[in-house]
There are 2 protein chains.
Amino acid sequence: MRPDDLPQIRELNIFEGISDENFDELMRASFLQTFPAQMELIEEGEPADFLHIVVEGCVELFASTNGRESTMAMVYPVSSFILAAILRDAVYLMSARTNKKSRVLMIPAVSVREVFDKDPAFSKAMVMELANCYRGVIKEHKNLKLRTSVERLANRLLRYRQKQQSDQVTLPYDKKILASNLGMTPENLSRAFNTLKPYGVKVEGNKITLTDIEALATFAKPSKLIDDLAI
Amino acid sequence: MRPDDLPQIRELNIFEGISDENFDELMRASFLQTFPAQMELIEEGEPADFLHIVVEGCVELFASTNGRESTMAMVYPVSSFILAAILRDAVYLMSARTNKKSRVLMIPAVSVREVFDKDPAFSKAMVMELANCYRGVIKEHKNLKLRTSVERLANRLLRYRQKQQSDQVTLPYDKKILASNLGMTPENLSRAFNTLKPYGVKVEGNKITLTDIEALATFAKPSKLIDDLAI
DNA sequence: CGATTCGTTGAAATAGATCAATCCTTGTGG
DNA sequence: CCACAAGGATTGATCTATTTCAACGAATCG
């Protein structure tokens with residue numbers, strides 16, 4: 001860990017309120033490392049050695065079984081991933097790879113658990129983060145079980161619009177990954193975009209222009225309890 | 001809360017190590033109530049007022065949107081549900097109804113958060129529970145994204161066999177709910193059972209006899225990282 | 001510039017949903 | 001105790017959504 005990185009790390013929400021002493025203990029054995037794109041950071045099934053926190057860039061969480069693979073989530077700064085495995089001292093349930101060049105803070109699992117047990121501010125922050133992640137997965141699960149693939153895409157576009165504050169949204173990563181994340185094949189995603197054309201969805205590469213929000217929303221029927229990340 | 005219930009409650013894993021004083025504080029405003037089957041306990045979208053803990057019976061968690069409904073999970077003793085909503089002081093993301101006659105301990109959200117902040121043993125237990133629930137949903141999500149419906153059924157049957165320690169398993173609830181839980185229609189579940197006949201799956205009402213475990217397992221390809229509840 | 005991967009499109013196959021009819025089980029009230 | 005109603009479960013027929021396979025154009029990268 002380079003000393004000049006420390007102040008920046010200290011500022012992260014996740015360390016708000018933690019004592020200097022405990023923060024130092026956490027940092028002593030930690031690494032802040034920059035990885036190129038497409039670097040596999042962890043593999044499912046392995047013991048959870050480090051808590052990973054994305055500081056910059058973007059990390060893809062994915063899972064495999066029996067030759068199939070699916071993107072489970074994309075992690076953006078500043079969020080941890082696989083916190084649950086660390087806390088329970090278990091194996092990872094998902095693999096992770098950088099999607100673009102990324103800076104990742106890696107804190108040894110033992111340190112996390114130690115400080116977790118003695119620093120209320122830190123444990124509180126971790127729990128809030130974990131609870132938030134939990135709710136995120138529940139929403140994703142509802143999304144998958146209660147909607148068709150075209151509906152999932154429509155709602156995703158509305159979400160991007162919300163986040164990017166523009167009617168022309170930019171897909172944040174490859175359509176291939178987006179498809180997998182939405183639980184469909186790339187071919188099917190392509191067709192889903194076509195299906196949405198009558199609702200004012202125009203595709204040019206990774207730029208999507210939404211010309212009829214009302215129609216799109218009527219079709220998508222977004223729900224606070226699935227699509228609102230804040231709730 | 002009836003005084004004679006207290007000792008039994010005190011024994012629950014979830015309260016292990018908590019101070020008497022804090023335990024009393026939790027119990028003071030709590031209810032231990034018996035509900036008949038098919039009673040709606042909570043509805044998604046409402047503020048999380050109480051932490052619910054299933055002490056006896058069985059509770060179904062389900063979600064709805066836009067006229068569709070899906071069973072998200074079945075909760076058995078002794079487990080809490082919607083802990084994350086309580087901790088984050090948010091609205092419920094799922095609804096809950098008793099599947100059979102059930103005893104449910106209901107602890108006011110404010111008390112939970114208060115004691116959570118001052119009793120390390122309690123907060124630790126809650127966090128472990130939450131982390132476990134999180135991993136449970138991840139496994140369910142992988143199950144849904146990486147497997148066909150017949151594979152999900154096959155693996156579910158193997159899981160029941162494991163839990164019930166018998167080659168003749170009893171489905172723990174209606175096939176209708178099982179179907180929804182597995183992400184399919186009742187008709188499709190019926191056909192999935194037929195598809196599994198060549199692998200030694202014989203259906204008689206809610207009793208399923210597995211006569212060729214090896215063949216079934218070869219077909220199902222169970223994975224520790226999806227099917228093992230303990231990991 | 002050539003190789004590779006991504007994205008799109010069409011055709012065909014499959015998985016899964018829906019609709020309808022029927023059977024079976026279960027619980028209720030006479 | 002029986003008759004009947006109601007809901008659960010199964011089956012067949014059909015329809016729809018989605019995947020797969022194959023081909024090809026477009027973008028990307030060394």
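Every chain is numbered from 1 and lettered A, B, ... according to where its sequence line falls, protein lines coming before strand lines.
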Peer 1: Could you check whether any side-chain N or O of A:K142 sits under 3.5 Å from a backbone N or O of B:L93, counting only pairs where one atom can act as donor and the other as acceptor?
Peer 2: yes
Peer 1: Taking distance alone, no hydrogens or angles, what donor-acceptor pairs closer than 3.5 Å link side-chain atoms of residues 71-85 of chain A to residues at least two apart or in another chain?
Peer 2:
{"from": "A:T71", "atom 1": "OG1", "to": "A:E60", "atom 2": "OE2", "distance (Å)": "2.7"}
{"from": "A:T71", "atom 1": "OG1", "to": "A:S180", "atom 2": "OG", "distance (Å)": "3.4"}
{"from": "A:S79", "atom 1": "OG", "to": "A:Y76", "atom 2": "O", "distance (Å)": "3.4"}
{"from": "A:S80", "atom 1": "OG", "to": "A:E129", "atom 2": "OE2", "distance (Å)": "2.9"}

Peer 1: Between B:R68 (side chain) and A:L146 (backbone), is there a donor-acceptor pair under 3.5 Å?
Peer 2: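 Flag set: sc B:R68 to bb A:L146 pair under 3.5 Å.
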Peer 1: Of all nucleotides in DNA chain D that come within under 4.0 Å of a heavy atom of chain B, which is furthest toward the 5' end and which toward the 3' end?
Peer 2: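 The protein-touched segment is D:dG8 to D:dA13.
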Peer 1: Is there a donor in the side chain of B:T209 and an acceptor in the side chain of B:K202, or the other way round, less than 3.5 Å apart?
Peer 2: no
Peer 1: What I'd like to find out is whether the side chain of A:I107 reaches to under 4.5 Å of the side chain of A:F50, using heavy atoms alone.
Peer 2: no
Peer 1: Any side-chain to backbone donor/acceptor pair from B:D212 onto B:A215? Under 3.5 Å, distance only.
Peer 2: yes
Peer 1: Determine whether B:P186 and B:K176 make a side-chain contact, defined as any pair of heavy atoms from C-beta on separated by less than 4.5 Å.
Peer 2: yes
Peer 1: Without hydrogens or angle criteria, can the side chains of A:N206 and A:Y173 be said to hold a donor-acceptor pair below 3.5 Å?
Peer 2: no
Peer 1: Can the ring centroids of A:Y199 and A:F219 be said to lie less than 6.0 angstrom from one another?
Peer 2: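 When the ring centroids of A:Y199 and A:F219 are compared, they turn out to be within the sub-6.0 Å range.
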Peer 1: Counting only non-hydrogen atoms, which of residues 185-201 of chain A are less than 4.0 Å from DNA chain D?
Peer 2: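 Per residue number, the list reads A:T185, A:E187, A:N188, A:R191.
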Peer 1: Among residues 168-181 of chain B, which ones have heavy-atom contacts with DNA chain C below 4.0 Å?
Peer 2: none
Peer 1: Would you grab the first and last nucleotide of DNA chain C (5' to 3') that comes under 4.0 Å of any non-hydrogen atom in chain A?
Peer 2: C:dC6 to C:dA11
Peer 1: Taking DNA chain C as the partner, which of residues 146-157 of chain B come within under 4.0 angstrom of it by heavy atom?
Peer 2: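 Within residues 146-157 of chain B, the residues near DNA chain C are B:T148, B:S149.
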Peer 1: For the residue pair B:I226 and B:R159, what are the closest heavy atoms and their distance?
Peer 2: O-NH2, 4.3 Å
Peer 1: For the side chain of B:R152 and the backbone of B:R147, is there at least one donor-acceptor N/O pair under 3.5 Å apart?
Peer 2: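 Flag set: sc B:R152 to bb B:R147 pair under 3.5 Å.
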Peer 1: Does any N or O in the side chain of B:S102 come within less than 3.5 Å of the main-chain N or O of B:K100, such that one atom is a donor and the other an acceptor?
Peer 2: yes
